[in-house]
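What follows is a short report on a single structure.
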2 protein chains.
Amino acid sequence: MSQQNQETIPINYKVKQLADMAGVSSDVVRYYTRISLLEPKQEKLNGYKLYNTHDLHRLRFIRCAKNLGYSLSEIAEILIHSSSGKSPCLMVRDIVEKRIVENRKKLQELEQLQDRMEEAVKKWSDLPDKLPNGNSVCHLIESFGEL
Amino acid sequence: MSQQNQETIPINYKVKQLADMAGVSSDVVRYYTRISLLEPKQEKLNGYKLYNTHDLHRLRFIRCAKNLGYSLSEIAEILIHSSSGKSPCLMVRDIVEKRIVENRKKLQELEQLQDRMEEAVKKWSDLPDKLPNGNSVCHLIESFGEL
DNA sequence: CTTGACCTGTGTGCTACACATAGGTTTATA
DNA sequence: TATAAACCTATGTGTAGCACACAGGTCAAG
């Protein structure tokens, strides 16, 4: 109603409006703004940040990239690269290949942790609780060796 | 040589000595000290921290517990509980059960991420690099939808 | 006594937000 | 029109577990 002439008057969103449209929390929008991933202009009267449709596209891109494993600093690089007119595709492919390798390693580590924890529970089911003493803090944990 | 009478003169280790004996870095010892997981006394002349065999046991326990998935704050709780003479075993069992569930969830999330990334690489292998334009930052990433 | 290697404590940075706080805006009601 | 309640804002801080930078202290060799 109050914004019929979209061509002359730019649409301004406040934090929560932008957040809702992108399906994220206001805190996320504020954080991305703080680290300059979003660059709204400032309302002069009260200092509120004002976002536009470009910011909305950008925010949606960020969430999409995050969902594919890109870190915020990598996304920042991609955005800078892209807005300087160069294709970010090569970088994008490289990063995801690297992330696949990293993530595979992390998965292995967590699987090994899971194994250790499940083994501990099994082993501990036969052991009683004990009071600590000078030599021992918790005999359950200590029964699993130093490494 | 210089410390033959261990019963009367307490053995004091400096940061690196303790770290080496426990197989961790000096930074780890300093960090644990900073968060009061270790509580050395202060050398009066130069402010250096001085650790003893009790600290060594404690440090080894911490690393052992971390290897089983306990967080440092949980380990702190266990240590406090234990040094007040109560058995930490119940707490220890509860935490590891909880951690197993949490870790299983995290594993699933990382596996799903891995799937998404591998699917992306496969899909992208048929797509060319493109220059960005007003509507698109990176068509590769954007081809994977908003969620 | 000086040079150099090695060590020290403290301060800061990292990721990606979540939460607390004090205050401003807007809406409903009297 | 006044006011109270609901909602929103920007900013500051906390989170986990270290790693690294820094300026200076210690200690053995020469």
Side-chain angles (χ1 to χ4, degrees), chain A residues 1-2 12-51 55 59 61-77 79 95 99 102-103 106 109-110 113, chain B residues 1-2 12-51 55 59 62-79 95 99 102-103 106 109-110 113:
Chain A
M1 292 290 206
S2 61
N12 287 323
Y13 307 119
K14 283 187 285 188
V15 168
K16 184 152 198 314
Q17 293 174 316
L18 186 76
D20 287 347
M21 285 186 291
V24 302
S25 75
S26 300
D27 277 331
V28 165
V29 171
R30 289 199 191 94
Y31 176 61
Y32 290 175
T33 305
R34 209 175 324 201
I35 63 173
S36 304
L37 268 183
L38 298 174
E39 291 174 321
K41 45 188 177 179
Q42 298 262 70
E43 169 74 38
K44 275 143 198 169
L45 296 93
N46 50 20
Y48 283 15
K49 272 89 171 178
L50 297 177
Y51 303 86
D55 295 310
L59 178 51
F61 176 81
I62 294 168
R63 297 309 288 192
C64 186
K66 258 196 70 58
N67 188 49
L68 273 174
Y70 295 86
S71 73
L72 292 183
S73 60
E74 288 163 346
I75 294 169
E77 275 192 90
L79 285 167
I95 292 172
R99 187 74 5 97
E102 290 171 4
N103 199 51
K106 185 154 210 170
E109 288 170 3
L110 290 189
L113 171 60
Chain B
M1 292 293 200
S2 60
N12 287 323
Y13 307 118
K14 283 186 284 186
V15 169
K16 184 153 197 314
Q17 293 174 318
L18 186 75
D20 287 347
M21 284 186 292
V24 302
S25 75
S26 299
D27 277 329
V28 164
V29 171
R30 281 194 261 266
Y31 175 61
Y32 291 174
T33 305
R34 204 167 342 191
I35 63 173
S36 302
L37 268 183
L38 298 174
E39 291 173 323
K41 44 187 176 175
Q42 297 263 78
E43 168 74 37
K44 275 143 196 169
L45 297 94
N46 51 19
Y48 283 16
K49 272 90 173 177
L50 296 178
Y51 303 86
D55 294 311
L59 178 52
I62 294 168
R63 297 308 289 191
C64 186
K66 258 196 69 60
N67 188 49
L68 272 175
Y70 295 87
S71 72
L72 293 182
S73 60
E74 287 162 348
I75 294 169
E77 276 191 89
I78 292 167
L79 285 167
I95 292 172
R99 188 73 4 97
E102 289 171 5
N103 199 52
K106 185 154 208 169
E109 288 169 4
L110 290 190
L113 172 60

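Since we're looking at a predicted model, the values are computed, not measured.
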Original post:
Of B/Ser71 and A/Val15, whose nearest nucleotide on DNA chain D comes first from the 5' end?
Top reply: A/Val15

**OP:** Can you pull out how bent the helix from C/dC1-D/dG30 to C/dA30-D/dT1 is, comparing the axes over its first five and last five pairs, to 10°?
**Re:** 30°

**OP:** Please name the residue in the list A/Leu18, A/Val29, A/Ile62 that meets the side chain to side chain contact (heavy atoms under 4.5 Å, CB included) test with A/Val24.
**Re:** A/Val29

Original post:
Of the nucleotides D/dA19, D/dT9, C/dG9, which one has an atom closest to the side chain of A/Ser26?
Top reply: D/dT9

Original post:
Using a cut-off of less than 4.0 Å, is there contact between a side-chain N or O of A/Ser25 and OP1 or OP2 of C/dC17?
Top reply: no

Original post:
Considering only D/dA16, D/dA19, C/dA18, which nucleotide approaches the side chain of B/Ser73 most closely?
Top reply: D/dA16

Subject >> From CG (B/Leu68) to CD1 (B/Ile95), nearest 0.5 Å >> reply: 11.5 Å

**OP:** Please report, rounded to the nearest Å, how far the C1' atom of C/dT8 is from the CG atom of B/Leu18.
**Re:** 14 Å

Subject >> From B/Lys49 atom NZ to B/Glu39 atom CD, the distance as rounded to the nearest 0.5 Å >> reply: 12.0 Å

**OP:** Measure the CD-OH distance between B/Glu77 and B/Tyr70 for me, rounded to the nearest 0.5 Å.
**Re:** 12.0 Å

Subject >> Integer-rounded Å distance: C/dG9 P and B/Arg30 CZ >> reply: 6 Å

Original post:
When all nucleic acid strands are considered with a 4.0 Å heavy-atom cut-off, which category describes A/Asp27: base, sugar-phosphate, or nothing?
Top reply: base

Original post:
Rounded to the nearest 0.5 Å, what separation is found between the CG atom of A/Asp20 and the NZ atom of A/Lys14?
Top reply: 12.5 Å

Original post:
After noting the C-alpha distance and the side-chain angles of A/Leu72 and A/Tyr31, does the key distance pass the side-chain contact (heavy atoms from CB on, under 4.5 Å) rule?
Top reply: CA-CA 11 Å; A/Leu72 292 183; A/Tyr31 176 61; 3.6 Å; yes

Original post:
Could you state the NZ-P distance from A/Lys49 to D/dC8, rounded to the nearest angstrom?
Top reply: 17 Å

Original post:
Want to settle it: does B/Leu72 or B/Leu45 sit nearer the 5' end of DNA chain D, counting the closest nucleotide to each?
Top reply: B/Leu72

**OP:** Select from A/Arg34 and B/Lys16 the residue whose nearest nucleotide in DNA chain C is closer to the 5' end of that strand.
**Re:** B/Lys16

Original post:
How many Å lie between NZ on A/Lys14 and P on C/dT26, as a whole number?
Top reply: 5 Å

Subject >> d(OH, A/Tyr32; P, D/dA10) in whole Å >> reply: 17 Å

Original post:
To the nearest angstrom, how far is A/Tyr13 atom OH from D/dC8 atom P?
Top reply: 17 Å

Subject >> Steps toward side-chain contact (heavy atoms from CB on, under 4.5 Å) verdict (B/Asp55, B/Tyr13) >> reply: CA-CA 9 Å; B/Asp55 294 311; B/Tyr13 307 118; over 6 Å; no

**OP:** Could you check how far NZ of B/Lys106 sits from C1' of C/dT15, rounded to whole Å?
**Re:** 11 Å

Subject >> Salt bridge flag under 4.0 Å for residues B/Glu109 and B/Lys106 >> reply: no

Original post:
Does OP1 or OP2 of D/dA16 have a side-chain N or O of B/Tyr31 closer than 4.0 Å?
Top reply: no

Subject >> Spacing between B/Ile35 atom CD1 and D/dG14 atom C1', to the nearest angstrom >> reply: 14 Å

Original post:
Which of these nucleotides, C/dA18, D/dT9, D/dG25, is closest to any side-chain atom of A/Tyr48?
Top reply: D/dT9

Original post:
Would you say a side-chain N or O of B/Asn46 is under 4.0 Å from OP1 or OP2 of D/dT26?
Top reply: yes

